[in-house]
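Comments concern the structure below.
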Amino acid sequence: MIDILTILIAGIFSCIILDILGYLLKKIGIPEPSWGIVGRWTYYMIKNGTFFNPTIIEKPEFKYEVLLGWVFHYFISISWAVIYYIIFIYGGIKMSYFSGLIFGAITTLAPLLVFLPFTGQGIFARNTDKPIETSIIFLIRHSLYGVAMYEGFRWFTI
């Protein structure tokens with residue numbers, strides 16, 4: 001039971017840190033991901049059973065898409081916490097701030113190689129106005145996320 005609680009806390013904590021960074025970046029003019037698009041993609045993915053939806057921006061909006069986007073965002077974070085737990089706690093690999101940073105950097109591949117291309121924004125955001133900048137922002141955000149994931153697990157394991 002303690003392991004499940006640890007995973008939930010670490011997953012939620014690291015996502016909160018990611019969101020705080022997103023909020024701060026937004027204050028200096030760097031946009032956050034569109035949680036409405038995330039929610040819409042999730043909705044149509046569940047409804048139609050398809051991940052690839054390059055015209056998601058053109059699909060009809062639905063009332064709770066922003067809320068669903070946030071819920072899916074936290075679900076994914078908890079899923080990453082399960083993977084972190086398997087690798088570092090169960091697998092016995094030494095945790096550190098550096099390993100958290102590397103883990104977070106690796107998680108950057110999910111939006112850059114799955115979410116963005118599956119929503120028509122291209123691999124490494126190549127169909128956006130600023131693909132290099134977008135990719136770098138994802139890398140920075142996710143790297144900090146990985147450090148926060150380490151910290152969340154460290155509370156319970158060290």
Side-chain angles (χ1 to χ4, degrees), residues 7-88 96-153:
I7 289 167
L8 287 173
I9 290 171
I12 292 169
F13 170 74
S14 55
C15 201
I16 289 170
I17 296 302
L18 176 70
D19 292 336
I20 289 170
L21 176 61
Y23 174 79
L24 294 173
L25 290 172
K26 189 175 179 179
K27 288 288 186 189
I28 62 170
I30 298 170
E32 282 193 282
S34 169
W35 301 116
I37 292 298
V38 173
R40 192 179 314 163
W41 179 66
T42 304
Y43 172 76
Y44 285 104
M45 179 175 53
I46 293 168
K47 181 180 176 192
N48 300 332
T50 180
F51 290 109
F52 187 69
N53 200 336
T55 59
I56 194 65
I57 196 80
E58 299 165 9
K59 295 281 187 193
E61 294 180 20
F62 73 99
K63 188 175 183 178
Y64 298 107
E65 69 182 21
V66 173
L67 176 61
L68 180 58
W70 279 100
V71 169
F72 187 71
H73 174 55
Y74 276 80
F75 170 78
I76 293 299
S77 182
I78 293 167
S79 299
W80 281 121
V82 168
I83 293 167
Y84 188 96
Y85 176 87
I86 290 168
I87 293 169
F88 293 100
S96 66
Y97 286 109
F98 182 71
S99 67
L101 181 81
I102 297 303
F103 179 83
I106 290 169
T107 68
T108 306
L109 296 174
L112 295 178
L113 298 177
V114 178
F115 177 73
L116 292 175
F118 284 25
T119 57
Q121 298 171 74
I123 293 173
F124 292 101
R126 76 169 187 240
N127 297 342
T128 65
D129 293 337
K130 299 178 180 178
I132 293 171
E133 293 91 340
T134 300
S135 297
I136 290 170
I137 294 299
F138 270 108
L139 179 61
I140 291 167
R141 288 172 50 105
H142 278 247
S143 295
L144 179 64
Y145 167 78
V147 170
M149 181 75 70
Y150 159 72
E151 190 62 35
F153 274 103

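In what follows, residues are counted from 1 in the order of the sequence shown.
- If you take CD on Glu151 and OH on Tyr97, they are separated by 3.5 Å, rounding to the nearest 0.5 Å.
- Closest heavy-atom contact between Gly104 and Thr107: O-OG1, 2.6 Å.
- Atoms OG1 and CD1, from Thr42 and Ile56 in turn, are 8.5 Å apart once rounded to the nearest 0.5 Å.
- Ring geometry, Trp70 versus His73: the interplanar angle exceeds 60°, so the pair is classed perpendicular (tilted spans 30 to 60°).
- For the atom pair Leu21 CG and Glu32 CD, the distance stands at 9.0 Å (nearest 0.5 Å).
- The main-chain N or O of Thr108 is never found under 3.5 Å from a side-chain atom of Tyr145 such that the two would form a donor-acceptor pair.
- Nearest heavy-atom pair, Leu101 versus Ser143, reported as atom, atom and distance to 0.1 Å: CD1-CB, 3.6 Å.
- Scanning both residues, Leu18 and His142, for their nearest heavy atoms gives CD1-N, 4.3 Å.
- Taking OG1 of Thr134 as the reference point, atom CD1 of Ile132 lies at 10.0 Å (rounded to 0.5 Å).
- Distance alone, capped at 3.5 Å, places no donor-acceptor pair between the Arg126 side chain and the Pro131 backbone.
- For the pair Phe103/Ile83, a side-chain contact is recorded, criterion being any heavy-atom separation below 4.5 Å from C-beta on.
- Of all the heavy atoms in Ala125 and Thr128, the pair that sits closest is O-OG1, 2.6 Å.
- Residue Ile30 holds its CD1 atom at 4.0 Å from CD1 of Ile137, rounded to the nearest 0.5 Å.
- Within a 6.0 Å sphere centred on CG of Asn48, heavy atoms belonging to other residues, nucleotides or ligands number more than 12.
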Exercise for the section: Please assess Asp19 against Tyr23 for the test side-chain contact (heavy atoms from CB on, under 4.5 Å), listing each intermediate value before the final yes or no. Expected result: CA-CA 6 Å; Asp19 292 336; Tyr23 174 79; over 6 Å; no
Practice task
Using the side-chain contact (heavy atoms from CB on, under 4.5 Å) rule, take Thr119 and Phe52 through it: C-alpha gap first, then chi angles, then the decisive distance, then the call.
Solution key: CA-CA 7 Å; Thr119 57; Phe52 187 69; over 6 Å; no
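- The two residues Tyr85 and Ile7 make their nearest non-hydrogen contact at CG-CD1, 3.8 Å.
- Side chain of Thr55 to backbone of Glu58: no donor-acceptor contact under 3.5 angstrom is found.
- Aromatic ring pairs are classed by plane angle as parallel below 30°, tilted from 30° to 60° and perpendicular above 60°; the pair Phe51 and Phe118 is tilted.
- Taken from CZ in Phe62 to NZ in Lys47, the straight-line distance is 10.0 Å, to the nearest 0.5 Å.
- Nearest heavy atom pair, residue Gly100 against residue Tyr150, reads CA-CB, 4.1 Å.
- Using a distance-only test at 3.5 Å, with no hydrogens or angles considered, a donor-acceptor pair links the side chain of Ser77 to the main chain of Gly11.
- Ring-centre distance between Phe88 and Phe153: not below the 6.0 Å cut-off.
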